[in-house]
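To start, the structure under review is shown below, and the notes come after it.
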Amino acid sequence: MASLAAWYREHGRHDLPWRLTTDRWAVLVSEVMLHQTQVSRVLEAWPGFIGRYPTPPTMAAVAPGEVIRAWGTLGYPRRARALWEAARVVSERGWPDDLSELPGVGRYTAAAVAAQADGADAPGVEANIRRVVERIAGRQLGDAAAEALSIEVGRPLRGRDRLLALMDVGALLCRPRAPKCDACPLSARCKTRGVLPDDGRRRQPRYEGSFRQRRGRVLAALRSGPQGLSDLDADALRSLEADGLAVITGTTARLP
DNA sequence: AACCCGGGGGG
DNA sequence: CCCCCAGGGTT
């Protein structure tokens with residue numbers, strides 16, 4: 001079987017538009033947009049969004065509601081709000097040494113941006129890489145252990161190449177269901193070679209009939225333009241205000 | 001550790 | 001119908 005490096009050169013998704021830049025802001029925006037959102041959807045949204053807000057100051061200069069509206073229906077609009085706040089921080093104080101100090105940027109995203117934009121040899125573990133290393137280990141792993149194993153199995157690749165190669169293996173071969181172990185460059189040292197039993201984390205409650213669905217409906221209404229606040233779900237609207245998301249209306253919404 | 005946060009696509 | 005998505009923040 002070919003090495004990870006050879007497989008990556010041949011089969012990696014080298015054409016994804018956010019992989020064609022090493023600009024910190026552009027990479028950060030792509031990473032935040034990809035939080036719990038499929039590549040196929042981000043492909044449609046990222047070019048226009050980064051074209052509209054190509055630098056932190058261009059985003060910091062507009063009202064947060066505009067950014068939330070530009071976010072559209074990508075979901076988890078608090079990401080857009082946090083991005084606007086991060087843009088303000090960067091515009092005023094510059095980039096922090098530790099990117100996870102920025103709002104909406106956690107352990108994975110800080111490492112992913114450092115690896116892709118700054119050439120750092122930082123291990124990041126998201127959903128795909130977690131699946132890869134946990135199947136190799138044959139068990140679930142904590143963050144630090146998963147990162148350490150990603151460094152091991154990624155050798156001799158480092159930094160950006162390791163991150164993206166393992167991510168692509170996870171997305172294209174080591175899939176949640178029906179993994180293609182025959183084609184996998186890591187199968188020789190894989191303990192599972194298949195699907196690990198009962199991964200069961202992050203199980204989400206039904207959306208239908210949920211409070212988040214109610215929030216979603218109010219969000220959609222606010223996104224579409226000015227609304228008669230009395231026509232909206234008051235509990236959901238209050239919740240959105242508490243999260244700083246009701247600013248889509250242009251001014252802070254006044255509750256009845 | 002458990003729960004919350006949108007919305008869409010796939011088996 | 002259930003599962004999953006290039007997570008992060010809060011409790």
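Residue numbers begin at 1 in each chain, while the letters A, B, ... track the order of the sequences. The basis for the numbers below is simple: all heavy atoms, side chains too, and nothing from hydrogens, waters or symmetry mates.
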Between dC5(B) and dC4(C), how far apart are the C1' atoms? Round to whole Å, please.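 Taking atom C1' in both dC4(C) and dC5(B), they lie 16 Å apart.
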Indicate, with a heavy-atom threshold strictly under 4.0 Å, whether [X] touches base, sugar-phosphate, or nothing.
| X | result |
| --- | --- |
| Leu240(A) | nothing |
| Leu74(A) | base |
| Val42(A) | nothing |
| Ser40(A) | nothing |
| Gly75(A) | base |
| Trp71(A) | nothing |
| Arg223(A) | sugar-phosphate |

Should [X] be listed as having a side-chain N or O under 4.0 Å from OP1 or OP2 of [N]?
| X | N | value |
| --- | --- | --- |
| Arg107(A) | dG8(C) | no |
| Arg79(A) | dG9(C) | no |
| Tyr207(A) | dG7(B) | yes |

With a 3.5 Å cut-off and just heavy-atom distances, do the side chain of [X] and the base of [N] make a donor-acceptor pair?
| X | N | answer |
| --- | --- | --- |
| Arg41(A) | dG8(B) | no |
| Gln38(A) | dG10(B) | no |
| Thr37(A) | dG6(B) | yes |

Any idea which heavy atoms bring Phe211(A) and Asp235(A) closest together, and the distance?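 Scanning both residues completely, I find the closest heavy atoms to be CZ-O, 3.8 Å.
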Looking at every non-hydrogen atom in both residues, tell me the closest pair between Thr22(A) and Gln116(A) and how far apart they are.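 So the two residues come closest at CG2-O, 3.7 Å.
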Sub-6.0 Å ring centroid separation between Trp71(A) and Phe49(A):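 Yes, close enough.
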Is the distance between the ring centroids of Tyr108(A) and His35(A) under 6.0 Å?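 They do not qualify: ring centres at least 6.0 Å apart.
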Quick one about Asp23(A) and Thr21(A) (side-chain donor to acceptor, distance below 3.5 Å, no hydrogens or angles considered), yes or no?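 No, Asp23(A) and Thr21(A) have no side-chain donor paired with an acceptor closer than 3.5 Å.
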Rounded to the nearest angstrom, tell me the gap between atom CG in Leu43(A) and atom P in dA6(C).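 Taking CG of Leu43(A) and P of dA6(C), I get 11 Å after rounding.
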Find which nucleotide of DNA chain B each of Arg177(A) and Gly72(A) is nearest to by heavy atoms, and output the residue with the more 5' nucleotide.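 Whichever sits nearer the 5' end wins; that is Gly72(A).
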